[in-house]
Enquirer: 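I have a structure I would like to understand better, so I am pasting it below and will then ask my questions one at a time.
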Amino acid sequence: MRWIVASAWPYINAVPHLGTLIQVLSSDVYARYRRKKGDSVVFVSGSDEHGTPIEIEAIRKGISPKELTDKMHSYVSDLFNRFGISYDNYTRTESPTHVKFVQEFYMRIYENGHIFEKETEQLYCPNDKMFLPDRFVIGTCPYCGYEKAHGDQCDKCGRLLNPTDLINPRCAICGAEPELRRTKHWFFDLPKFSDKLKEYIESNEQLPDNARSMSLSMIEDGLKPRSITRDNKWGIPAPFPGAEGKTIYVWMEAVLGYVSAVKEHFERLDKPEEFDEFWKGKDTKSIYFIGKDNIPFHTLIFPALLMASEGGYVLPYNVASTEFLLFEGEKFSKRERIGIWLDEALALLPADYWRFYMIYIRPETKDANFSWDDMVAKINDELNDTLGNLIHRVLSFIKSRYNGIVPNAQLDEESEEMLKEAKEIAGRIEDNLERVKLRDALKEFLEMARLGNRFFNSREPWRDIKENKPRADSTVVASFNLLKAMASYMHIFMPFSAEKLWRMMGLDGEPAPFSDAFNIVTEIQLREVEPLFHKVNKEELQERLEEIREKGEVLSARE
RNA sequence: AGCGGGGUGGGGCAGCCUGGUAGCCCGCCGGGCUCAUAACCCGGAGGUCGGUGGUUCAAAUCCACCCCCCGCUACCA
């Protein structure tokens, strides 16, 4: 089976925070799972770098947008690397392959007759010489009198607004008074695809409930044409006749990155023909990891675009959407510095600790909350004590009592029984992963560690070693092989630690694929053994974070 | 306002779709073990599932209404 695994493209006007990491991490765990199962996987994402906010950020910094995103893209790529995200291609929307693909793709839809043009009136800032997105117009709310209402909605009374409703409208960038100007835009005829989309969604059983119900209700309410173009300078030039000076709206181009990134991947491998095999193959499945705010783009607009292109592309098989992550009960906020940013996170703790806790609280059924107390408790009690200690007690026992060599022993019935139970747990881990219940999968994984601790405890090999050597041998071989199987499953959640464990266990290469996870090995010489994890302390972490911010040790702390 | 999600022992969550005397982790109390990072293992106390009404032999689980929390509403990305 071929799989395209993708995560939403982060918008890189700033360093991403932990909320963004949820999707990136989830997709990585899933991609690693597919590979461990032996599937053929292409795992892609990239930096979303066009659009107004980045243009403005660049102006603020006195550099060009390209300079800004060059820097941010390499910074963010590096962060994802350090988090162990196993992308086959983490690219960017400035990639020539992407730009060319987007232009050709939209020309094709245009020629297929799914795009029309329309004149609209929009506010324009004569000072910044640009049309202003609704969000970038500020003024007094005509309903409640709030003076800092945005052009799309008043944050005070919650009413939806048009920018022209605002009393005393001002440009959010420079404060000048905007003027109304006529402009022409190109629209994608989304309503035309309503029936097909409805059928597609209804027949797509594995879509999560939140994605399905939200999408169907939007179709029910009636879809609207979506504008494709913007009057921005920073973006991909719209290819339509008469659209000179316009660019493609970031969202309408970034989703196509899922396609272009795969194309680019195979071009780099010098196997361009495999792109078609993947994206147009009958046995290809694609899965997208996104937050719930992105659902309509992935269940409606993206599939409709693929349909409209008549290019034979596979429609999304699954859109694994999560709810939101809150930080100590509040929304992440750059301005108020509520949250933790990815570069700060890595300066605080090793990547695997974050991977563990973020998957542990993955917001699968409802909004989840990051809390220091909870994180510290989970890392100390479960990651360190339950898992870390099992590994260490088994390996150090072999070190001290067996000269670091796993004996060659016949497994007795009880040992066989334990491994059989472990296999059943492994089966449940895989079931959960198959259904994209990553959190449950991780919790089942911890069950393996509990099983190991129980086994080691009741078998008391420290006693047998003096009185009943063969029984102790069996305990040790079974425990060692449990760890070996665990390393395979651990590898998808915590790759760095799993690889380190594998090396300590004296094994070569990397943790085995699932099919070989329970192949029994003996007579292995361990390498140097040391604890895989350590406990953390909330106060120390918070103090360290303060320090990182005060000293501006990482980029996000300096922004 | 409309739409969507949620309200389960002290804390964090699962179960609800496919109704049948409530499950997991932490914490708490008691016990065991000493190989291990004061780690591990066993047992126990503690909830009637936001409220009201209804369907049913039976409801956390289905239906109706109500209360509270959160998010979204498509030219922010």
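Below, read A as the first sequence line, B as the second, and so on, with proteins coming before strands; counting in each chain starts at 1. Since this is a predicted model, take the numbers as computed values, not measurements.
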Enquirer: Quick one: which of B:A74, B:C76, B:C35 gets closest to the side chain of A:Arg401?
Expert: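 Of B:A74, B:C76, B:C35, B:C35 is nearest to the side chain of A:Arg401.
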Enquirer: So if I take every side-chain heavy atom of A:Phe187 and compare against B:C35, B:C75, B:U37, which nucleotide ends up nearest?
Expert: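 Given the options B:C35, B:C75, B:U37, the side chain of A:Phe187 is closest to B:C75.
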Enquirer: Between A:Glu117 and A:His185, is the side chain to side chain donor-acceptor pair (under 3.5 Å) condition met? List the steps.
Expert: CA-CA 6 Å; A:Glu117 31 190 290; A:His185 281 299; over 6 Å; no
Enquirer: Please enumerate all protein N or O atoms sitting under 3.5 Å from an N or O of nucleotides 6-9 of chain B, with distances to 0.1 Å.
Expert:
none

Enquirer: Check every atom of B:A77, B:C75, B:U37 against the side chain of A:Tyr11 and return the nucleotide holding the closest atom.
Expert: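 Per side-chain heavy atoms of A:Tyr11, the pick is B:A77.
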Enquirer: Within residues 249-257 of chain A, which residues have any heavy atom lying less than 4.0 Å from an atom of RNA chain B?
Expert: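 Heavy-atom cutoff 4.0 Å gives A:Tyr249, A:Val250, A:Trp251.
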Enquirer: By the salt bridge (charged side-chain N to carboxylate O under 4.0 Å, His left out) test, which pairs, at least two apart or in different chains, include something from residues 46-57 of chain A?
Expert: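 Output for this query lists A:Glu49-A:Arg92, A:Glu55-A:Lys233, A:Glu57-A:Arg60, A:Glu57-A:Lys61.
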Enquirer: Going by modelled atom types, is there a donor-acceptor pair between the base of B:A36 and the side chain of A:Asn389 at under 3.5 Å?
Expert: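 Such a pair exists between side chain and base.
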Enquirer: Send over the distance from A:Asn457 CG to B:G43 P, rounded to a whole Å.
Expert: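 Spelled out: CG on A:Asn457 to P on B:G43 is 12 Å.
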Enquirer: What's the CD-P distance between A:Gln122 and B:C76, to the nearest Å?
Expert: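 Rounding to the nearest Å, CD of A:Gln122 and P of B:C76 are 10 Å apart.
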Enquirer: Over how many whole Å does the gap from A:Phe397 atom CZ to B:U37 atom P extend?
Expert: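 Roughly 13 Å, once rounded to whole Å.
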Enquirer: In whole Å, I'd like the distance from the CG atom of A:Asn232 to the P atom of B:C75.
Expert: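 After rounding, the reported distance stands at 14 Å.
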Enquirer: Can you list the residues that meet the ring-ring contact (aromatic ring centres under 6.0 Å, His included) rule with A:Phe289, with sequence neighbours excluded?
Expert: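 By the ring-ring contact (aromatic ring centres under 6.0 Å, His included) rule, A:Phe289 matches A:Tyr30.
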Enquirer: Within the 4.0 Å limit for protein heavy atoms, which parts of nucleotides 22-27 of chain B are touched? Write it as a string from 5' to 3', B for base, S for sugar-phosphate only, - for none.
Expert: ---SS-
Enquirer: What is the distance, to the nearest angstrom, from the CG atom on A:Leu223 to the P atom on B:U73?
Expert: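 About 16 Å, once rounded to whole Å.
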Enquirer: Which nucleotide, in any strand shown, forms a Watson-Crick or G-U wobble pair with B:C3, with both distances under 3.5 Å?
Expert: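 Partner of B:C3: B:G71.
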Enquirer: Mind listing the residues from residues 462-474 of chain A sitting with a heavy atom below 4.0 Å of RNA chain B? Number order is fine.
Expert: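 Close to the strand are A:Trp462, A:Arg463.
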Enquirer: Starting the side chain at C-beta, find the nucleotide from B:A77, B:A39, B:A14 nearest to A:Arg439.
Expert: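 Out of B:A77, B:A39, B:A14, the nucleotide with an atom closest to A:Arg439's side chain is B:A14.
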Enquirer: Using the side-chain heavy atoms of A:Asn294, tell me which of these nucleotides is nearest: B:A77, B:C13, B:A36.
Expert: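 So the side chain of A:Asn294 is nearest to B:A77.
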Enquirer: Which nucleotide in the set B:C13, B:C33, B:C76 lies at the smallest distance from any side-chain heavy atom of A:Glu460?
Expert: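 The answer is B:C33, which lies nearest to the side chain.
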Enquirer: Establish, yes or no, whether the cationic atom of A:Arg226 lies under 6.0 Å from the six-membered ring centre of A:Phe188 and within 45° of the ring axis.
Expert: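 No cation-pi geometry.
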Enquirer: Both A:Ser400 and A:His50 contact RNA chain B. Taking the nearest nucleotide for each, which residue is further toward the 5' end?
Expert: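 Residue closer to the 5' terminus by nearest nucleotide: A:Ser400.
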Enquirer: Rounded to whole angstroms, how far apart are CZ on A:Arg435 and C1' on B:G15?
Expert: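 Computing the A:Arg435:CZ to B:G15:C1' distance gives 13 Å.
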Enquirer: I need the CG-P distance between A:Asn453 and B:C41, as an integer number of Å.
Expert: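 To the nearest whole Å, that distance equals 5 Å.
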Enquirer: In whole Å, I'd like the distance from the CD1 atom of A:Ile295 to the P atom of B:C72.
Expert: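 The distance from CD1 of A:Ile295 to P of B:C72 comes to 12 Å, rounded to the nearest Å.
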Enquirer: Is there a donor N/O on one and an acceptor N/O on the other, under 3.5 Å, for the side chain of A:Arg393 and the base of B:A39?
Expert: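 No such pair is found, so the answer is no.
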Enquirer: Of the nucleotides B:C76, B:A39, B:C35, which has the atom closest to the A:Asp385 side chain?
Expert: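 Among the listed nucleotides, the one closest to the side chain of A:Asp385 is B:A39.
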